[in-house]
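What follows is one structure encoded as structure tokens, with my remarks underneath.
Quick note on labels: first sequence line is chain A, next is B, and so on, each numbered from 1. Just so you know, these numbers come straight off a predicted model, no measurement behind them.
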Amino acid sequence: MTLHVTLPDGSPLELADGATVRDAAAAIGPRLAKAAIAGRVSAAGDPDVTLLVDATAPLHEGDQLSIVTLKGDDPDAADILRHTASHVMAQAILRQFPGTKYAIGPTIENGFYYDFQFAEPITEADLVRIEKEMGKVVSQNLPIERHELPVDEALAVFGAGAPGTGPSGLSLGLDQPFKVELIEDLVAAAEAGGREVPTISVYVQGDFVDLCRGPHLPSTNKLGSGTFKLTSLAGAYWRGDEQNLMLTRVYGTAFANKEELAAHLEALELARERDHRRIGRDLDLFSFHEEGPGFPFFHAKGMRIWNAIIDFWRAEHVAAGYEEIRTPQILRRELWELSGHWENYKDNMYFTEIDEQPFAVKPMNCPGGLLVYKSRRRSYRDLPLRLAELGQVHRHEMSGVLHGLFRVRYFTQDDAHIYCTPEQLEDEVRGVVRLMHHIYAAFGFSDVRIELSTRPGKSIGSDEMWERAEGTLSRVLDAEKAPGGEPLAYVLNPGDGAFYGPKIDFHIRDIMGRTWQCGTIQVDFAMPERLDITYTGADNEEHRPVMIHRALLGSIERFMGILLEHYGGNLPTWLAPVQALVIPIADRHAAYGHEVLGALRQAGIRADLDERSESMGRRIRDGQLQKVPYLLVVGDKEQEVREVAVRERGEQRGSILIDDAVDQIAGEIRERRLPAQT
RNA sequence: GCCGGCGUAGCUCAGUUGGCAGAGCAGCCGCCUUGUAAGCGGCAGGUCGGCGGUUCGACCCCGCCCGCCGGCUCCA
């Protein structure tokens, strides 16, 4: 008997009945047989479903097969490798710390982790010991075998029953309660879904058994020495639930070869250098102090960036038909009760007392903004009314989550509330979507991901209102084009809307591939109701306006952090805190240097002068480290012909006339030109 | 908030079994007057995160608190 499979290039392969993925690889060539770690298989009747299987998995007549190896950059291969690495780590930990209970150990981007319950806490110093033991497991070259067990036997293996040997030859009574819980859940899920209770797959390597879907490497020495590293230790709740037990999570990373691991570790180091907290200190932009945990202090240079951001922001908002308002930090508690914040948000709010009356520090701007709306009667002629507010809000975040400018306890939202008629809603949403893309592009973020979140389980308002609002949002997104002209892509996030209305969220992708939720557009029928705002229609009747809450950058503080990391501190010139630095070579050039400085400042360029009695090399170096885009060196030669020697972002550009340098830099700023990115 | 780690000069870090606290850079002063990424010399700088305890004696050991870092949960 024979069976036939098809390879990725379409060529057929005839194999003996019962042949495995590895047999197929061997039929192609001995080198491939050695390199094969798994197979990607599509069954004849189901070509769209591709399954990743072990190298030892049997093939079936008509299968489409592609061999997975560790050569090249097959993402499936990396995933399998890391998954096996997590098992090897668990095995090493069980050997070094007997009695440890193991929970789950999945792969993550660039690595893996495994959660454990240790009898005694371990420290980072123990990681070395674990790595050593992992090395032993690797060099023992244990075969990794898959077993399919009936539920009863699987429970006997991982349960706390008497030790022994089961029908499949596996040890019983391992006493691993997390695994038992997982198996019981698999059974419960199958029963709930009306499906047959599945067999349980486990993987065995030497003295280690784990519940796992697989696939895995064929044996432990496929993990080369020096290709994995344990990186950190952290706490993690069992199943991610705060109510559950806190387990110890061990993080690691693994690659197909030493070079890739080294490259990854180097990339981590580069990311550390891009850390906005470090850049903030080195460039003297902002600081944090024990006296105000989570409350950033902005320095003069940080405010230069801040002001560059909001000057641009303001100009764009004026152009888009917004007015700017400003509302107080502290308002009477009743307002927050009326708005629903007291009920839904008080754990994150700060409270105080004024003249024995209860007040709250604002965590959001909307209630204050609504009072502005209510300050006079509104006509349909006033609508749409677009009121923007750079509102500083305070939120009590849990101490463990604070992180530089990314997560703080006070921040400035680039907020706006648009009050409009239901008929105007669609146009207004469209306007915000366009403004959003326009603003992101100016900062150099062109990769924007959009999510539409619909009605959550717990919500207020009528079905009809929700349908209309969700319809409006999806209609806008469906009709809108991305800046490149292609249709706007978005993903649906059912049930993830705010309790008062559906929303569109905007995520920007930075140079390191991370995404950040910045913009949001939320349709709100509830707040106008609760605060009872109205407008007089053309019919002379009172009507309820619809309200849109929106932010583009989200938090100015956090956005600045994102910018700093995205550009590694080398901000586009229009955002740079110091755009040009004049460096006179010797004292006798100081007067000329001041003249150049004056010309730059006259043109609105943020320029400084470094006339310290330091060597020129030193001042160039400092200017570079401060990431000043333009260093303008002036000496005898330049002074004589009224030129400056331009050094642009580390590149010497030769000498040009002062006026030309000023024009060039001012032009770059005016056009908000972005640096070429690599 | 929870788990683990850390806290020595502005920054980066040394500090031997518990016995007078150190370096480099930054800062200040002086010299040098400079041609594209660190010129030379000197000086100053620390209640060793805070508070308690153990001890003849604590940066070092113990406890509590604060802050920071990495995660979890949460989130702009």
Sticking with atom C1', work out how far C59(B) lies from C13(B), rounded to a whole angstrom.
15 Å

Given U73(B), G4(B), U36(B), the nucleotide with the shortest approach to the side chain of Glu242(A):
U73(B)

Its glycosidic angle compared against 90° from 0, C20(B) adopts the form syn

Please determine, for the side chain of Ala236(A), which listed nucleotide (C72(B), C2(B), A76(B)) has the closest atom?
C72(B)

Take atom C1' in C28(B) and the same atom in U36(B), then report the distance between them in whole Å.
28 Å

Rounded to whole Å, the CH2-P distance (Trp238(A) to C3(B)) equals 19 Å

With respect to Glu565(A), which candidate in Arg272(A), Arg514(A), Arg558(A), Arg274(A) satisfies the salt bridge (Lys or Arg N to Asp or Glu O under 4.0 Å) definition?
Arg514(A)

Cation-pi check, Arg249(A) onto Tyr113(A) ring (under 6.0 Å, within 45° of axis)
yes

Stems with RNA chain B, 3 or more Watson-Crick or G-U pairs in a row (under 3.5 Å), are B:1-7 with B:66-72, B:10-13 with B:22-25, B:27-31 with B:39-43, B:49-53 with B:61-65

Can you tell which of C3(B), U34(B), A76(B) lies closest to the side chain of Met246(A)?
C3(B)

NZ/NE/NH1/NH2 to OD/OE distance under 4.0 Å, Glu389(A) and Lys362(A):
yes

What's the closest nucleotide to the Arg647(A) side chain, out of A37(B), C74(B), G67(B)?
A37(B)

Here's one to test your reading of the geometry: is the NZ or CZ of Arg277(A) within 45 degrees of the ring axis of Phe406(A) and under 6.0 Å from its centre?
no

State whether Arg314(A) and Glu324(A) are salt-bridged, where the test is any N-O pair (Lys NZ or Arg NE/NH1/NH2 against Asp/Glu carboxylate O) under 4.0 Å.
yes

Ion pair check, Asp608(A) and Arg304(A), cut-off under 4.0 Å:
yes

Hey, is Glu273(A) close enough to Arg278(A) for a salt bridge, meaning N to O under 4.0 Å?
no

Look at the side chain of Tyr237(A) against the base of G1(B) and say whether a donor-acceptor pair falls under 3.5 Å; ignore hydrogens and angles.
yes

Rounded to the nearest angstrom, tell me the gap between atom CD1 in Ile620(A) and atom C1' in A38(B).
12 Å

Mark yes or no for a side-chain to base donor-acceptor pair under 3.5 Å between Arg249(A) and C3(B), with no hydrogen or angle criteria applied.
no

Quantified in whole Å, what is the P atom distance between nucleotide C66(B) and nucleotide G50(B)?
15 Å

What nucleic acid atoms does Gln624(A) come within less than 4.0 Å of, heavy atoms only: base, sugar-phosphate, or nothing?
base

From G35(B), G71(B), G1(B), nucleotide with atom closest to Asp636(A) side chain:
G35(B)

So which nucleotide from U34(B), A76(B), U36(B) ends up closest to the side chain of Val633(A)?
U36(B)

Do any side-chain nitrogens or oxygens of His403(A) fall under 4.0 Å of OP1 or OP2 in G70(B)?
yes

Any carboxylate oxygen within less than 4.0 angstrom of a Lys/Arg side-chain nitrogen, looking at Glu451(A) and Arg449(A)?
yes

What N/O pairs connect the protein and nucleotides 39-42 of chain B at under 3.5 Å? Give each pair on its own line.
residue: G39(B); atom: OP1; partner: Arg618(A); partner atom: NH1; Å: 3.3
residue: G39(B); atom: OP2; partner: Ser615(A); partner atom: OG; Å: 2.4

Does Glu290(A) contact G50(B) through a side-chain donor or acceptor facing the base, at a distance under 3.5 Å?
no

Is the NZ or CZ atom of Arg395(A) both under 6.0 Å from the centre of the six-membered ring of Tyr350(A) and within 45° of that ring's axis?
no

Using the aromatic ring of Tyr251(A) (for Trp, its six-membered ring), decide whether it stacks on the base of G71(B) within the limits of 5.5 Å and 30°.
no

Any donor-acceptor pair under 3.5 Å between the side chain of Glu397(A) and the base of A76(B)?
yes

Regarding Glu611(A) and Arg619(A), does a basic nitrogen lie under 4.0 Å from an acidic carboxylate oxygen?
no

